[in-house]
Structures are given as structure tokens and as C-alpha cells.
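Heavy-atom basis, side chains included; hydrogens, waters and symmetry copies ignored. Numbers restart at 1 for each chain; the letters A, B, ... are given by sequence-line order, proteins then strands.
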Number of protein chains: 2
Amino acid sequence: MTAETTGGDLSRLRHLNALTAIRVLRADEAGFTLTELARRTGLSRASTEDVVRDLTERGWVAEAEKTAGGVGRPARRYRFRADAGHLLGVDIGRHRVLALLTDLDGKVLHSHRVEAAPGLGRVERLAATDDAVRGVLRAGALSGDRLWASGVATTGLVDGTGKVMLSEALHEWTGVDLAAHLGRLVAGRVLVENDSKLAALAENWQGVARHSRDVVFILSGVATGAGLIIDGKLHRGFGNAAGEIGALPAVGWTRAPEHLRDWPGEGDIFAAARDGDRRAAAAIRRYVKDLAVGVSALVLTLDPELVVVGGGFAGSADLLIGPLRAELDRWCIRTPEIRVSTLADQGVALGAVKLAADHVGTVLASGSGLTSIDQFARA
Amino acid sequence: MTAETTGGDLSRLRHLNALTAIRVLRADEAGFTLTELARRTGLSRASTEDVVRDLTERGWVAEAEKTAGGVGRPARRYRFRADAGHLLGVDIGRHRVLALLTDLDGKVLHSHRVEAAPGLGRVERLAATDDAVRGVLRAGALSGDRLWASGVATTGLVDGTGKVMLSEALHEWTGVDLAAHLGRLVAGRVLVENDSKLAALAENWQGVARHSRDVVFILSGVATGAGLIIDGKLHRGFGNAAGEIGALPAVGWTRAPEHLRDWPGEGDIFAAARDGDRRAAAAIRRYVKDLAVGVSALVLTLDPELVVVGGGFAGSADLLIGPLRAELDRWCIRTPEIRVSTLADQGVALGAVKLAADHVGTVLASGSGLTSIDQFARA
DNA sequence: TTCATTATGATGGAGACCATCATTAAAGGC
DNA sequence: GCCTTTAATGATGGTCTCCATCATAATGAA
């Protein structure tokens with residue numbers, strides 16, 4: 001539930017003001033002077049000082065380096081202690097598991113990657129996941145109980161409790177309780193979500209969709225998926241199945257990647273197309289044609305500001321975007337801008353981190369959140 | 001912009017508390033005692049009294065009838081003065097213009113209907129609109145400058161300023177500046193929106209979708225349209241073109257109603273189907289089949305809790321819903337519940353009222369909103 | 001050294017909330 | 001009709017949070 005705009009106690013007012021102060025402080029790592037902060041929060045200098053003192057005592061804010069230069073008495077600077085806690089993001093893919101360790105602002109501190117064959121069974125894949133998590137914790141010299149929250153990405157539909165409801169891409173994966181499994185390695189909440197959805201979230205957070213409130217994200221790879229950002233928020237759907245337009249046979253998203261997979265030539269089909277191979281180019285054209293039907297359906301439904309293409313094929317976006325735009329122009333009333341993800345193969349895992357970060361944000365906003373920073377984990 | 005959860009002054013806290021008090025009070029026309037109100041707002045009795053006194057002085061709240069019975073000293077009751085202002089909702093349809101006059105809570109006080117032939121030109125249709133508005137104002141013995149806000153529904157795409165960008169259904173309608181036109185008759189803001197979107201809004205407000213946050217609404221009539229409620233809010237899209245899935249040729253929404261329109265038999269095709277006419281039944285089946293492709297695309301994209309069918313054909317829903325469900329079952333991962341609108345031909349106009357009501361709500365929430373009630377209009 | 005500039009810290013005041021308690025008003029039993 | 005019970009009302013004092021203002025402190029420039 002979002003923090004309702006409801007009033008209450010005087011302490012509630014202080015809480016709101018502390019939250020805005022933190023929001024401002026997080027905008028710049030270098031920190032702010034009290035005067036700057038006062039201006040940006042809209043509070044008086046005196047009150048700002050009070051709020052900052054409070055937050056410092058509770059451990060959320062620390063004094064930063066004074067900046068030299070400038071006339072007058074140099075001001076103290078204060079910054080949000082993003083380093084006070086850590087978040088974990090895990091992307092369980094077909095070929096590998098990627099784990100990211102970040103600070104509270106989502107800055108990646110360490111990453112660890114464990115290869116995993118596509119045919120791996122449930123137990124082995126979970127073991128690879130554990131390896132990735134242990135590896136990244138080791139790199140950060142942290143134990144799992146120091147984590148504030150974790151996010152996990154997987155293919156397939158995920159239910160509200162962190163169980164995989166249905167997965168066609170991974171063997172023996174349906175029914176896995178990822179939240180429970182990860183919960184044995186890490187402290188704090190473990191949140192599980194579909195990989196396409198999380199990649200969309202990541203684009204909206206740190207990627208090319210940072211400034212857009214309505215985004216259709218397309219995960220273009222050996223499997224095709226979509227994630228929707230609507231009104232600045234990840235749209236999950238009532239049964240967590242939003243964006244599954246590929247299920248419509250006419251859309252042919254299951255068929256689309258086959259055009260590329262069945263490429264009989266040697267080497268990379270995209271490289272071949274760039275070298276002028278006509279059959280490769282034709283196969284890519286067929287792929288885009290199939291892809292575009294589904295994208296058009298999503299775009300016509302939502303009328304987004306932006307379409308973002310990510311996933312494994314995004315590296316060859318130069319060959320995809322042009323034809324995709326042409327196809328969309330055929331079907332859509334207004335073709336949105338199309339951009340290519342720049343998050344490479346970290347996108348999904350970053351989205352998982354964002355899931356964890358949002359959970360922390362929710363707890364902060366929820367009344368009891370800003371009490372001492374030490375009491376935070378296991379909240 | 002939504003009221004951000006931002007802190008501020010002490011007066012801001014009072015403002016928030018006043019807003020919650022009003023929100024509670026609006027829930028029951030009969031009003032509340034101070035004790036009840038205090039419990040529901042979470043404030044102390046003393047503060048609640050203060051807030052209510054304040055609101056009473058400003059004209060937003062009035063004392064209601066004491067309820068008899070019960071032991072002890074009978075408590076005063078307070079109620080929101082929904083009758084303090086009026087809202088207007090206008091639905092400019094192909095065959096008629098419908099104007100509703102309501103109180104601030106959207107309770108319909110008067111309605112006025114003016115017939116209009118489908119072939120009417122711009123000037124004549126605007127004249128009919130004026131007639132409808134003047135008629136409903138006369139019925140309510142109000143002059144236009146007593147209105148706080150108005151909403152207008154029309155077919156076609158509408159831009160942010162209240163101009164019709166594109167309309168295929170009505171003659172000479174593209175480019176009409178409805179906001180400016182209505183503005184000469186009424187005070188306060190005039191908000192214009194597409195009819196399907198507004199019908200969706202109405203269902204979410206007073207109709208069968210009252211308790212759902214994600215809804216696909218289908219306007220099923222001589223023209224087909226859709227409106228989307230996402231996360232409890234009307235989704236417009238970046239270019240205000242959300243839900244226009246009918247533009248996809250494969251969907252065939254433009255074709256769909258023709259199956260019914262071209263019915264060569266005499267009388268109503270639905271009545272004929274009920275009487276056992278096989279050709280009528282077959283035509284209806286074809287209509288539903290065409291309709292269902294688009295609905296499936298919307299449903300797969302959004303995974304809503306609910307699909308609501310409204311519009312002119314909703315009266316014959318008994319013949320439509322079953323087949324529609326069967327078709328959706330074929331395509332969708334999870335077929336949502338399907339309900340039929342009960343708002344009859346008032347749905348669209350009610351949505352227009354909701355648009356106006358929301359505007360009033362926004363002004364209330366925005367800082368200066370709760371000052372004296374008299375200064376409200378022209379805010 | 002002095003001045004201008006900017007940050008800091010302290011004081012007093014106002015607004016909004018709360019807890020508590022004496023008072024008031026009605027219903028019902030005697 | 002009087003008294004008891006019940007529940008609302010109104011008043012008091014206290015606390016918290018914010019604000020405006022002013023004296024003080026620290027630094028760079030003249």
C-alpha cells in the first residue's frame with residue numbers, strides 16, 4: 001500500500017519532513033548544506049537543522065566533507081548514509097545466475113556470476129543460485145544477515161509469496177519457493193518477481209526510461225517477454241500476469257525467436273546480416289515482424305511514451321530498431337519513441353535490487369520506519 | 001499531479017487532517033458524531049472538534065439531524081455539505097446529448113436529454129449540447145456560473161486542453177474546442193475526455209467495478225471502444241490514446257458491429273436471437289468473436305481483475321457474456337470476471353461528472369483548497 | 001586588521017495536537 | 001418527579017513542531 005496522504009499526530013508531520021529531507025539528500029552523494037536543504041525541503045533553516053540532527057542521531061545521515069572555496073564561513077554538509085545498509089539482487093537466468101550487492105541507493109558494489117547450463121534441474125540451479133549469492137557476499141565481506149532486503153528475478157509467473165507458479169523455460173522450476181530458499185541465506189525480506197517485469201523496473205530506475213512514466217519494455221532474447229511501467233510504477237496485474245501478450249497465438253512471440261535460433265549458417269546471425277548475408281537479414285526481418293505484432297498490441301493498449309528494447313538481442317539493436325519502428329508505424333496510431341537498453345546483462349538483476357530498495361522505502365514511509373537505523377533489518 | 005506525500009508547516013498538518021475528516025464525512029450522508037469521527041480519523045476528540053469547527057465556519061460541514069433513540073446525552077451529528085456546490089456532466093453522443101446536474105458527491109439531481117440525429121453537423125450538435133446544458137440548469141433552477149466544475153464526454157481522441165483531435169464517428173467534429181465552447185455557458189473548469197474512458201471511470205466510481213483497481217471496460221455499441229482503470233486510476237496514455245486496440249486490423253473492432261448492423265431481419269436482432277432465430281444468433285456469435293480478439297489483447301496486456309461490458313448492447317448482455325467468456329477462455333491465461341454495466345445510458349455522463357468531481361478534489365487537496373467555500377468557484 | 005559574507009546557535013512565540021476532568025443533557029428506573 | 005446512568009461537551013494545561021529573528025562564529029578579501 002502506498003503511503004496514503006493522511007494526517008495525524010505532530011510526530012507524523014516530523015516524519016513526513018524527515019522523509020522529504022532524506023529524499024532530497026539522496027539526490028546528491030556529495031551532500032547538502034543546511035541552507036540548501038532548507039530551500040529544497042521548503043522548511044525553515046531552524047527546522048531543517050532539527051530534522052537533520054534527529055536523523056544523524058538515528059544513524060540515517062552523516063556529515064560529509066566540507067567543500068573548499070567560496071566566501072564566508074564554510075557550511076557543514078550532510079549526506080544520506082547509503083552505505084549504512086546493503087541490498088541484494090539476483091537474476092536466475094537460463095545460462096547463468098548473476099548476483100549484485102549494492103548500497104541503499106542501488107550503487108553496485110560487487111557482482112558475482114555463476115554459469116549454469118540451460119538443462120539444469122531444480123536442485124542444481126538452486127545450488128548455482130546459492131553459489132552466486134555466497135560469492136557476492138564474500139566479495140563484499142558481508143554475511144547474509146547484514147542484508148536489509150533482497151530481490152530475485154526468474155522467468156515465469158510468480159505469485160505474491162515468492163513461489164514460481166508456472167515456468168516453461170526452466171526445467172523443474174514450476175513450484176519452486178524462491179523466497180523461502182533464499183531466506184535461508186539472507187536476512188530481511190526476499191521479494192521475487194518475473195524477469196521481464198524487473199528489467200522494465202530497472203530501465204525506469206537507472207536506465208533509458210528514467211524520465212518516463214509510461215513505458216513498454218520488451219525483453220528480446222531466446223525467450224520474449226514484456227514488462228510495463230504505468231504511471232511511474234511497475235504494473236503487475238491482478239494475477240501477476242500483465243504483459244503476457246505472447247500467449248495470444250496470433251502474436252507469435254513463442255515462434256518469433258525461432259527465426260533466429262534456426263539459423264543454419266555459421267557464427268552469429270546478426271554478424272552475418274551485417275556482412276550482407278541476405279538469408280540472415282530475412283530471418284531477422286521475420287523475427288521483427290513477429291515481435292512487432294505483440295508490441296503493437298501493448299502499445300495500442302497503453303499508449304506509452306516510450307518502448308525500450310532490452311534482453312540478449314539488444315546488443316544487436318542496430319539491426320532491430322529500424323525495422324521494428326517501421327512495423328509499429330504500420331499498426332500504431334502514434335508510434336512511441338523506441339530506445340535500446342544500456343544496462344546490458346545487468347538489467348534484470350538491477351530490477352531485482354530495485355524491488356529490494358522499494359521495500360526499504362515502503363518501510364521507511366510506514367510510520368515506524370525512521371527509528372534507529374540499527375533496528376532496521378528484519379523489520 | 002497527485003498530492004505528494006510531503007510535509008511542511010503545521011498548517012499543512014491541519015489541512016491533511018481536515019481532508020481526512022471530509023473524506024470520512026462524505027462516506028455517510030447522515031453524518032457522524034464527533035466521537036465516531038474521531039475514531040475514524042484517528043485524531044483525538046478534542047482535535048476532531050477543532051477541525052470540525054473550522055470546517056463548519058468555512059462552510060464545508062454542517063450540523064445534521066440528531067438521531068433519536070439510544071441512552072445518554074444525544075450527540076450532535078455533522079455532515080459534509082455536498083449540496084454546497086454543483087457539478088455538470090455532459091455526454092455528447094451520436095443520437096442524443098445527455099446532461100446531468102449533480103451535487104458535490106455526484107448524486108444526480110436533474111438530467112436533461114436532447115435528441116440529435118447522427119448526421120448532425122458541428123454547429124447543430126453544439127447547439128443541441130447547449131440546449132441540454134441549459135435544460136438541466138433550468139431544471140435545477142441554477143445559473144451556469146453557480147457550477148464548480150464540468151465534464152464533457154465525446155467520441156474520438158481528445159487533447160489535454162479540451163479539443164477534439166480526431167473523431168471518425170461524428171461529422172465535422174475533429175478540431176472542436178469543447179472546453180472553450182462550454183466555458184461560455186458555465187463557470188469553473190471544463191474537462192473533456194473520450195466517452196469510453198469516462199464510462200470506465202463511472203463504473204469504477206459508482207458502477208459494478210467499484211471495488212476493483214484494475215479494470216478493462218468495453219463500450220459495446222454501434223461503435224466499439226475501451227477504457228482502462230489501472231491501479232484505481234483512469235489510464236489515459238501518453239497521447240491520450242490508451243485502449244485504442246481497435247486500430248489493429250487483426251482485431252477488427254471496426255468490423256465487429258457490422259455483423260449486427262447488417263442484420264436483414266426485421267426488429268431487434270437480439271430479440272430475434274432470443275426467439276430462436278439461428279441467423280441472428282450466428283451474427284451475434286460473429287460479433288462476439290471479433291470483439292473478443294481485442295478484449296483478449298487488452299486482458300493479456302493488463303491482467304485486470306474485471307472486465308466490464310457497457311454501452312448500447314449491454315442491455316442484451318445475456319446473449320453476449322456467455323460467448324464472450326468462452327472466447328476469452330480460449331485466448332487468455334486467466335480469464336477475469338466479466339460483469340455487465342448497470343448504469344444504462346447514464347454511464348458516460350456520470351464519468352464526465354466524475355471528471356469534474358476529481359478536479360474539485362484536486363483543488364481541495366492542493367493547499368489553498370479548503371479556504372472558505374464561497375471562494376471556490378473559478379479556483 | 002577590518003569588513004563583508006555566510007553559517008551557526010539560541011530565544012521566544014504561535015499553531016496544532018493530546019490527555020484529563022468537570023459539566024451538561026438526555027433516557028430510564030424508582 | 002427525582003435520581004441514576006450514560007455519553008457528549010467544553011475548558012485547562014501540557015507537549016511537540018515549526019517559524020522568525022537576532023546575536024555569534026568562522027572564513028576570504030580588502
Side-chain angles (χ1 to χ4, degrees), chain A residues 5-22 24 30-58 61 63-79 367 370-371, chain B residues 5-22 24-25 30-58 61 63-79 367-368 370-371:
Chain A
T5 310
T6 177
D9 213 337
L10 283 175
S11 65
R12 166 80 176 151
L13 185 59
R14 164 54 65 93
H15 182 229
L16 289 175
N17 283 330
L19 281 178
T20 27
I22 284 191
V24 171
F32 292 85
T33 69
L34 281 181
T35 319
E36 285 168 351
L37 192 57
R39 193 174 49 77
R40 299 214 188 198
T41 54
L43 296 180
S44 75
R45 226 205 76 94
S47 304
T48 309
E49 192 173 355
D50 211 37
V51 169
V52 167
R53 182 184 9 260
D54 227 58
L55 288 171
T56 308
E57 278 168 16
R58 292 168 196 268
V61 164
E63 204 168 332
E65 292 296 302
K66 297 187 186 181
T67 42
V71 271
R73 176 175 178 171
R76 293 182 176 179
R77 303 186 77 82
Y78 299 91
R79 63 175 182 83
L370 280 175
T371 50
Chain B
T5 311
T6 177
D9 213 336
L10 283 176
S11 66
R12 166 80 175 151
L13 186 59
R14 163 54 66 94
H15 183 229
L16 289 175
N17 283 331
L19 281 178
T20 28
I22 284 191
V24 171
L25 286 174
F32 293 85
T33 70
L34 281 181
T35 321
E36 286 168 350
L37 192 57
R39 193 173 50 77
R40 301 215 186 198
T41 54
L43 296 180
S44 74
R45 226 206 79 92
S47 303
T48 309
E49 192 173 356
D50 211 37
V51 169
V52 167
R53 183 188 3 263
D54 227 57
L55 288 172
T56 308
E57 278 168 13
R58 293 169 196 268
V61 164
E63 203 168 332
E65 291 297 302
K66 296 187 187 181
T67 41
V71 268
R73 176 175 178 171
R76 291 181 176 179
R77 304 186 77 83
Y78 299 91
R79 64 176 181 83
S368 63
L370 281 175
T371 49

* Give A/Thr35 one of three labels, base, sugar-phosphate or nothing, depending on what nucleic acid heavy atoms sit under 4.0 Å from its own. => sugar-phosphate
Whole angstroms only, please: what is the [atom1]-[atom2] distance between [X] and [N]?
X       : N      : atom1 : atom2 : result
B/Glu63 : D/dA8  : CD    : P     : 14 Å
B/Glu49 : C/dA19 : CD    : P     : 15 Å
B/Leu34 : C/dT24 : CG    : P     : 19 Å
A/Arg73 : D/dT27 : CZ    : C1'   : 9 Å
A/Arg12 : C/dC18 : CZ    : C1'   : 18 Å
A/Arg77 : C/dT8  : CZ    : C1'   : 16 Å
B/Arg39 : D/dA7  : CZ    : C1'   : 15 Å

Write down the protein N/O and nucleotide N/O pairs, taken from nucleotides 18-21 of chain D, whose separation is under 3.5 Å; answer none if there are no such pairs.
residue, atom, partner, partner atom, Å
D/dC18, OP1, A/Asn17, ND2, 2.6
D/dC18, OP2, A/Arg14, NE, 2.9
D/dC18, OP2, A/Arg14, NH2, 2.4
D/dC19, OP2, A/Ser44, N, 2.9
D/dC19, OP2, A/Ser44, OG, 2.9
D/dC19, OP2, A/Ser47, OG, 2.5

* Is the side chain of B/Arg77 donor-acceptor paired with the backbone N or O of B/Gly31 at a distance under 3.5 Å, no angle test? ->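 Between the backbone of B/Gly31 and the side chain of B/Arg77 there is a qualifying donor-acceptor contact (under 3.5 Å).
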* **Criterion side-chain contact (heavy atoms from CB on, under 4.5 Å) on B/Asp54 and B/Arg14, from CA distance to verdict** => CA-CA 10 Å; B/Asp54 227 57; B/Arg14 163 54 66 94; 3.6 Å; yes
* Asked: Rounded to the nearest 0.5 Å, how far does CD of A/Glu49 lie from CG of A/Leu43?
  ->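 Output value for this atom pair is 12.5 Å.
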* To do: Calculate, to the nearest 0.5 Å, the distance between atoms CG and CZ belonging to B/Leu25 and B/Arg79 respectively.
  =>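 Here the interatomic distance stands at 10.5 Å.
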* Over all atoms of both residues, closest heavy-atom pair of A/Asp9 and B/Leu13 -> O-CD2, 3.3 Å
* **Check against side-chain contact (heavy atoms from CB on, under 4.5 Å), B/Thr41 and B/Asn17** => CA-CA 8 Å; B/Thr41 54; B/Asn17 283 331; over 6 Å; no
